[in-house]
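Structure record follows, encoded as structure tokens.
Just so you know, these numbers use all the heavy atoms, side chains as well, and skip hydrogens, waters and symmetry mates. We're numbering straight along the sequence, starting at 1.
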Amino acid sequence: IKKAGEEGKSKLRWLDLGSNDVRERGAVAIGEAIECPGVRISRLTLRGNGILSEGMDRLGQGVAMSQTLRRIDLAHNGFGDRGAIAFADGLSRGTTSHLRVLLLAFNSIGPDGTAALMRSLANTEVEHLDLGCNVVGPDGTKAIAETINSTRLKSLNLACNNIGIRGDRSGMTALAKALEVNETLEILNLRGNALHTNCAQDLADILLEDTALIQLNVGYNELYDNGAWEIAEALEDNTRLLGLDIQRNEITDEGAACSAKTWGLNATI
């Protein structure tokens with residue numbers, strides 16, 4: 001691939017090497033290849049390849065220097081915070097001018113890795129970030145809140161990240177405060193994050209503002225009737241949200257009846 005690029009003969013646009021035991025040496029080689037100006041790959045899949053920090057660093061640099069890569073899938077590699085930080089360091093060595101989609105689910109990324117990634121995406125054109133099924137937690141969510149308004153993210157997947165674990169509300173409160181003034185995020189997935197009833201006020205705070213948000217997923221949490229009421233009341237005056245997923249939150253008939261009355265006042269959702 002690199003040789004063809006150097007000779008101006010490369011026509012490859014999509015490369016899928018998912019689940020092929022690429023590991024460190026392969027990842028370094030691919031990173032070097034996509035950095036070559038003549039390589040025109042726009043879509044790269046490397047999920048499930050056991051890539052760790054050395055490979056992630058070189059891939060990050062390759063992504064940052066590429067003039068064509070728009071989408072990279074690095075899910076299911078298990079590189080943890082070290083790999084996430086290495087990838088972020090690599091991104092910092094270039095402009096990351098073309099990347100739009102970054103998929104990092106199932107990699108055991110914690111707060112430190114999340115913070116490094118978010119800093120590396122500030123002032124880039126990345127629009128879609130998938131951090132689903134990692135270990136972001138409340139502290140990682142606060143790191144996202146600190147940086148998200150310096151990004152151009154349109155969709156953010158934080159499903160199954162223990163954001164509200166053991167009743168901790170701090171991450172959701174910080175994120176809600178940041179999103180109240182956010183002008184780009186349209187899709188937010190908070191499914192399966194142990195968000196308790198006390199987090200519903202934070203969700204309501206987001207919905208009370210005229211933000212860009214049009215889809216919100218808070219399914220598989222612990223919002224119960226009181227949480228459903230909080231969200232429903234906030235939606236009375238919301239003119240932006242088109243879709244709300246609130247399944248499996250232990251909402252009873254009573255909660256549904258009260259919510260239906262307020263949702264009936266919303267002509268948009």
Side-chain angles (χ1 to χ4, degrees), residues 70-71 84 88 91 95-105 109 111 113-132 134 136-164 168-193 195 198-219 221 223 227 230-246 266 268-269:
R70 295 178 61 85
R71 182 184 190 275
L91 288 181
T95 60
T96 318
S97 57
H98 288 75
L99 189 67
R100 298 293 182 273
V101 180
L102 179 56
L103 308 179
L104 297 170
I109 301 171
T114 301
L117 285 167
M118 290 300 296
R119 287 193 297 270
S120 72
L121 297 181
N123 303 312
T124 70
E125 299 295 327
V126 175
E127 297 177 346
H128 308 285
L129 175 61
D130 184 355
L131 284 171
N134 282 291
V136 171
D139 290 340
T141 307
K142 285 185 276 190
I144 292 171
E146 289 175 4
T147 319
I148 194 167
N149 290 331
S150 297
T151 73
R152 293 178 174 83
L153 288 178
K154 290 185 177 180
S155 74
L156 175 60
N157 182 9
L158 291 173
C160 304
N161 268 290
N162 291 328
I163 292 173
D168 193 326
R169 183 183 172 185
S170 60
M172 265 311 306
T173 300
L175 184 61
K177 187 173 182 180
L179 293 182
E180 285 176 22
V181 296
N182 185 276
E183 298 179 350
T184 61
L185 194 71
E186 297 177 349
I187 301 171
L188 177 60
N189 188 347
L190 294 169
R191 178 186 175 102
N193 270 296
L195 302 181
N198 62 357
C199 292
Q201 180 59 60
D202 301 313
L203 297 169
D205 288 344
I206 300 171
L207 297 174
L208 283 168
E209 300 298 328
D210 189 19
T211 67
L213 197 65
I214 58 174
Q215 290 186 32
L216 176 63
N217 187 337
V218 289
N221 281 295
L223 298 177
E230 291 267 13
I231 292 170
E233 287 177 2
L235 285 172
E236 285 185 21
D237 300 314
N238 185 293
T239 60
R240 290 282 301 172
L241 200 72
L242 301 176
L244 173 68
D245 186 337
I246 198 170
N266 185 311
T268 305
I269 195 167

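With D205 contributing its side chain and L203 its backbone, the two residues share no donor-acceptor pair below 3.5 Å. A donor-acceptor pair is defined here as one N or O able to donate and one able to accept, closer than 3.5 Å; such a pair exists between the side chain of R240 and the backbone of T211. A donor-acceptor contact shorter than 3.5 Å is absent between the side chain of N221 and the backbone of L223.
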Show the atom names and distances, to 0.1 Å, of all donor-acceptor pairs under 3.5 Å that link a side chain in residues 170-181 to residues at least two apart or in another chain.
unit_1: S170; atom_1: OG; unit_2: D168; atom_2: OD1; d: 2.6
unit_1: T173; atom_1: OG1; unit_2: R169; atom_2: O; d: 3.0
unit_1: T173; atom_1: OG1; unit_2: R169; atom_2: NE; d: 3.4
unit_1: T173; atom_1: OG1; unit_2: D202; atom_2: OD1; d: 3.2
unit_1: T173; atom_1: OG1; unit_2: D202; atom_2: OD2; d: 3.2

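Each of L235, I214, L242 was evaluated against T268; a single residue qualifies, L242, per the side chain to side chain contact (heavy atoms under 4.5 Å, CB included) test. When each of N189, N157, I109, L102 is tested with L131 by the rule side chain to side chain contact (heavy atoms under 4.5 Å, CB included), just one qualifies, namely I109.
Across every non-hydrogen atom of R191 and D245, the tightest pair is NH1-OD2, 4.2 Å. Across all non-hydrogen atoms, the minimal contact from G164 to L195 is N-CD2, 3.9 Å. Summarising the geometry of T147 relative to A122, their closest heavy-atom pair is CG2-CB, 4.1 Å, with the distance given to 0.1 Å.
The list of salt bridge (charged side-chain N to carboxylate O under 4.0 Å, His left out) pairs with a residue in residues 140-155, not counting sequence neighbours, reads E125-R152, E127-K154, D139-K142.
Contact annotation: the side chain of T124 never approaches that of L91 to less than 4.5 Å [non-hydrogen atoms, C-beta and beyond]. Contact annotation: the side chain of L216 never approaches that of I246 to less than 4.5 Å [non-hydrogen atoms, C-beta and beyond]. Within the 4.5 Å cutoff, the side chain of L129 has heavy atoms near those of the M118 side chain. Counting heavy atoms from C-beta outward, L156 and I148 have side chains that approach closer than 4.5 Å. Two residues are said to be in side-chain contact when any heavy atoms from C-beta on lie closer than 4.5 Å; N238 and I269 fail this criterion.
For D237, there are no side chain to side chain donor-acceptor pair (under 3.5 Å) partners two or more places apart in sequence or in a different chain. In this structure, the side chain to side chain contact (heavy atoms under 4.5 Å, CB included) partners of A143, at least two apart in sequence or on a different chain, are A115. By the side chain to side chain donor-acceptor pair (under 3.5 Å) test, S150 pairs with no residue at all, sequence neighbours left out. Looking at residues two or more places apart in sequence or on another chain, you find no side chain to side chain donor-acceptor pair (under 3.5 Å) involving D210.
For the atom pair CD of E236 and CG of L207, the computed distance is 12.0 Å after rounding to the nearest 0.5 Å. Rounding to the nearest 0.5 angstrom, the gap separating the CD1 atom in I144 from the CD1 atom in I163 is 6.5 Å.
Residues N182 and N149 bring a donor and an acceptor atom of their side chains to less than 3.5 Å of each other.
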Problem set entry | Check against side-chain contact (heavy atoms from CB on, under 4.5 Å), L213 and L188 | CA-CA 8 Å; L213 197 65; L188 177 60; 3.9 Å; yes
For this session: Please report the C-alpha distance between N193 and T141 in whole Å, then the side-chain angles of each, then the deciding distance to 0.1 Å, and finally whether the side-chain contact (heavy atoms from CB on, under 4.5 Å) criterion is met.
Result: CA-CA 11 Å; N193 270 296; T141 307; over 6 Å; no
Problem set entry | Worked check of side-chain contact (heavy atoms from CB on, under 4.5 Å) between N161 and T114 | CA-CA 11 Å; N161 268 290; T114 301; over 6 Å; no
For this session: Decide side-chain contact (heavy atoms from CB on, under 4.5 Å) for L103 and R71; before the verdict, give the C-alpha distance in whole Å, the side-chain angles of both, and the deciding distance to 0.1 Å.
Result: CA-CA 8 Å; L103 308 179; R71 182 184 190 275; 3.2 Å; yes
